[in-house]
**Q** 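Before we start, here is the structure in question, set down as structure tokens.
When reading the values below, keep in mind they use all heavy atoms of this one structure, side chains included, and skip hydrogens, waters and symmetry mates. Small disclaimer: the values here were computed from a predicted structure and weren't measured.
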Amino acid sequence: MPPTSRPLRKLGFLTIGLFDGADPGRGHESTLGIIELGEQLGFDSAWVRHRHLQYGISSPVAVLAAASQRTRRIELGTAVIPLGWENPLRLAEDLATVDILLGGRLNPGVSVGPPMHYDQVKGALYPDTADAEDFGYERVRRLLDFVRGKPATDFSGVEGFEVFSDRVQPHSPGLGRRMWYGGGSLRSAQWAGEHGMNFLTSSVVKAEESEDFADIQLSHIRAFRAHHPDGVRARVSQGLVVIPTDSASPEQRAKYTAYVEKRTPRTGTPQGPARMMFAPDIVGTSAEIAERLHAHAAFQEVDEVAFALPFSFEHDDYVQILTDIATRLGPALGWQAAT
């Protein structure tokens with residue numbers, strides 16, 4: 001048994017789904033192939049990042065709808081959908097539809113805040129209401145209400161040959177319990193707990209009470225559970241970048257090491273006026289990574305993880321990393337592959 005407070009129960013991974021702008025189909029097909037591989041390897045969940053006006057997944061709901069037709073067991077999630085780009089009512093319809101297609105396997109993760117580069121994009125996104133839009137927690141609450149079946153209109157019934165519902169259709173009854181909030185601050189952790197959501201710990205957090213990343217992440221987990229109706233049983237998934245090298249080629253090991261070394265300087269101290277702390281990437285053999293995770297204060301509090309795949313690697317690199325995570329790192333953390 002691993003020397004943590006609890007064995008790892010659920011193992012997931014997160015991908016950004018990069019693609020070449022000149023050939024986007026190939027990148028999207030690679031992402032779907034990685035999700036299929038994850039199911040074959042026994043992962044419990046696969047998550048996709050969300051990027052707008054970049055060469056990453058701009059429509060995770062559409063990608064997961066495609067993945068619903070290629071998988072049968074693995075849970076699929078978003079980490080995370082920035083709600084500043086979304087209409088909560090329309091998003092609720094899309095999420096419920098995909099959850100129905102998945103047979104209840106969708107785990108939507110969301111976050112709040114203005115869209116990135118808002119001053120440059122607001123004319124295209126909200127040409128008439130840019131200064132009136134609310135990008136705070138109220139947007140999440142509206143989405144939760146619609147997903148959980150609260151009325152969206154005061155009209156329902158039959159009109160001519162058409163039947164109208166007063167709530168979002170299709171309605172997926174279990175989806176409301178599988179809504180996740182991706183948070184990097186104590187306030188977000190508390191709000192998510194108070195509203196009965198699940199919590200995705202961020203790999204980028206605010207240095208509010210400490211400048212030690214693990215301690216900050218731990219404080220968020222505890223604040224979330226302290227305010228959640230389920231208390232210590234409330235679901236939390238930890239997010240970190242881990243890169244096992246067990247079966248990697250010498251060339252891959254050199255690439256992975258260089259990647260981590262380039263990103264490490266930003267992890268030592270808070271960055272920018274918001275004092276953001278970045279999680280250190282962890283590279284090494286599965287045994288070495290497991291040892292570091294067992295000593296990680298936040299990891300000791302969770303039994304679910306969604307390890308993030310590095311942004312800019314090749315498909316074959318992701319195959320190697322996922323295979324090592326599933327066959328070597330996961331078992332070293334007390335995890336058993338799903339069947």
Side-chain angles (χ1 to χ4, degrees), residues 2-16 38 43-49 75 77-80 107-111 178-186 188-190 192-193 197-210 212-226 228 230-244 260 263 267 276-284 286 288-310 321-322 325-326 329-336:
T4 61
S5 59
R6 62 188 78 184
L8 188 62
R9 182 174 59 89
K10 285 184 175 289
L11 176 62
F13 67 91
L14 168 64
T15 179
I16 193 173
F43 278 89
D44 298 290
S45 63
W47 303 74
V48 294
R49 292 184 186 271
E75 295 184 359
T78 62
V80 288
N107 286 270
V110 301
S111 66
R178 283 179 272 110
M179 298 294 295
W180 295 73
Y181 188 88
S185 69
L186 282 168
S188 291
Q190 178 177 331
M197 301 185 75
N198 306 302
F199 191 58
L200 291 163
T201 63
S202 178
S203 59
V204 185
V205 298
K206 287 187 176 181
E208 297 170 294
E209 298 180 319
S210 169
D212 179 274
F213 180 88
D215 288 344
I216 296 170
Q217 206 174 50
L218 175 62
S219 72
H220 294 174
I221 294 170
R222 289 181 172 173
F224 165 72
R225 286 179 167 152
H228 196 287
D230 293 339
V232 296
R233 297 187 306 278
R235 292 182 66 184
V236 177
S237 182
Q238 186 187 33
L240 295 171
V241 175
V242 302
I243 311 175
V260 171
R263 285 161 51 94
T267 67
M276 304 307 294
M277 292 288 298
F278 290 81
D281 302 333
I282 307 176
V283 62
S286 289
E288 292 168 339
I289 294 173
E291 184 176 3
R292 288 185 61 178
L293 289 174
H294 290 324
H296 195 289
F299 180 81
Q300 295 173 13
E301 294 279 315
V302 302
D303 60 4
E304 299 186 41
V305 296
F307 291 137
L309 294 173
I321 291 169
L322 287 179
I325 290 175
L329 178 58
L333 299 174
W335 173 77
Q336 294 183 346

**Q** Apply side-chain hydrogen bond (donor to acceptor under 3.5 Å, both in side chains) to Ser111 and list each qualifying residue two or more places apart in sequence or on a separate chain.
**A**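 By the side-chain hydrogen bond (donor to acceptor under 3.5 Å, both in side chains) rule, Ser111 matches no residue at all.
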**Q** Quick one: side-chain contact (heavy atoms from CB on, under 4.5 Å) partners of Thr78, sequence neighbours excluded?
**A** Val48, Pro60, Leu64, Ile81, Pro108
**Q** Nearest 0.5 angstrom please: Phe299 CZ to Ile282 CD1, how far?
**A** 9.5 Å
**Q** Could you check whether any side-chain heavy atom of Ser45 comes within less than 4.5 Å of a side-chain heavy atom of Asn107, counting everything from C-beta outward?
**A**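 The answer is no; the side chains never approach within 4.5 Å.
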**Q** Examine distances only and state if a side-chain atom of Ser237 and a backbone atom of Thr201 form a donor-acceptor pair shorter than 3.5 Å.
**A**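 Flag not set: sc Ser237 to bb Thr201 has no pair under 3.5 Å.
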**Q** Any heavy-atom pair between the side chains of Ile16 and Leu309 that's under 4.5 Å?
**A** no
**Q** Quick one: are Leu322 and Phe43 in side-chain contact, heavy atoms under 4.5 Å?
**A**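 SC-SC contact between Leu322 and Phe43 confirmed.
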**Q** Shortest non-hydrogen contact from Ile289 to Gly284?
**A**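 Heavy atoms only, the tightest pair is CD1-O, 3.5 Å.
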**Q** Applying side-chain hydrogen bond (donor to acceptor under 3.5 Å, both in side chains), can you list everything that pairs with Ser185, at least two apart in sequence or on another chain?
**A**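 Result, side-chain hydrogen bond (donor to acceptor under 3.5 Å, both in side chains) vs Ser185: Ser188.
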**Q** List for me each residue that meets side-chain contact (heavy atoms from CB on, under 4.5 Å) alongside Ala192, sequence neighbours excluded, and say none if there are none.
**A** Tyr181, Met197, Phe199, Phe224
**Q** Quick check for you: to the nearest 0.5 Å, what is the distance between Met277 atom CE and Asp212 atom CG?
**A**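 Here the interatomic distance stands at 7.0 Å.
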**Q** Determine whether a donor-acceptor pair (N or O, by modelled atom type, separation under 3.5 Å) exists between the side chain of Gln217 and the backbone of Ser202.
**A**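 Yes; at least one donor-acceptor contact below 3.5 Å.
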**Q** Rounded at 0.5 Å granularity, tell me how far NZ in Lys206 sits from CE in Met276.
**A** 6.5 Å
**Q** Contact between His220 and Leu186 at the side-chain level, heavy atoms closer than 4.5 Å - yes or no?
**A**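 His220 reaches Leu186 side chain to side chain.
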**Q** Measuring from His296:NE2 to Glu291:CD, what's the distance to the nearest 0.5 Å?
**A**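 Those atoms lie 14.0 Å apart.
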**Q** Might you point out which heavy atoms bring Pro331 and Ala326 nearest each other, and give the distance in Å?
**A** CD-O, 3.4 Å
**Q** Looking at every non-hydrogen atom in both residues, tell me the closest pair between Pro7 and Asp303 and how far apart they are.
**A**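 Smallest heavy-atom distance, with atoms named: O-CB, 3.5 Å.
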**Q** Can you see which heavy atom on Ala297 is nearest to which on Asp215, and at what distance?
**A**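 Heavy atoms of Ala297 and Asp215 come nearest at CB-OD1, 4.1 Å.
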**Q** Can you give me the closest heavy-atom contact between Ala279 and Thr267, atom names plus distance?
**A** O-CG2, 3.7 Å
**Q** Atom CG of Asp44 and atom CD of Glu75: how far apart are they, to the nearest 0.5 Å?
**A** 7.0 Å
**Q** For Leu293 and Leu8: C-alpha separation, side-chain torsions, deciding distance, then whether side chain to side chain contact (heavy atoms under 4.5 Å, CB included) applies.
**A** CA-CA 11 Å; Leu293 289 174; Leu8 188 62; over 6 Å; no
**Q** Determine, step by step, whether His294 and Leu333 satisfy the side chain to side chain contact (heavy atoms under 4.5 Å, CB included) criterion, reporting the C-alpha distance in whole Å, the side-chain angles of both residues, the deciding distance to 0.1 Å, and the verdict.
**A** CA-CA 8 Å; His294 290 324; Leu333 299 174; 3.7 Å; yes
**Q** For residues Arg225 and Asp230, determine if any side-chain heavy atom of one lies less than 4.5 Å from a side-chain heavy atom of the other.
**A** no
**Q** Which residues pass the side-chain hydrogen bond (donor to acceptor under 3.5 Å, both in side chains) test with Asn198, not counting sequence neighbours?
**A**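 side-chain hydrogen bond (donor to acceptor under 3.5 Å, both in side chains) list for Asn198, sorted by chain: empty.
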**Q** Sequence neighbours left out, what passes side-chain hydrogen bond (donor to acceptor under 3.5 Å, both in side chains) with Gln336? Give chain and number order.
**A**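 side-chain hydrogen bond (donor to acceptor under 3.5 Å, both in side chains) check on Gln336 returns nothing, list empty.
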**Q** Supply the atom-to-atom distance Trp47 CH2 to Leu200 CG, rounded to the nearest 0.5 angstrom.
**A**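 It comes to 4.5 Å.
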**Q** Does atom CD of Glu208 have more than 12 heavy-atom neighbours, drawn from other residues, nucleotides or ligands, at distances under 6.0 Å?
**A**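 It does: Glu208 CD has more than 12 such atoms within range.
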**Q** Provide the closest heavy-atom pair for Ile325 versus Leu11 in the form atom of the first, atom of the second, distance.
**A**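 Heavy-atom minimum between the residues: CG2-CD2, 3.8 Å.
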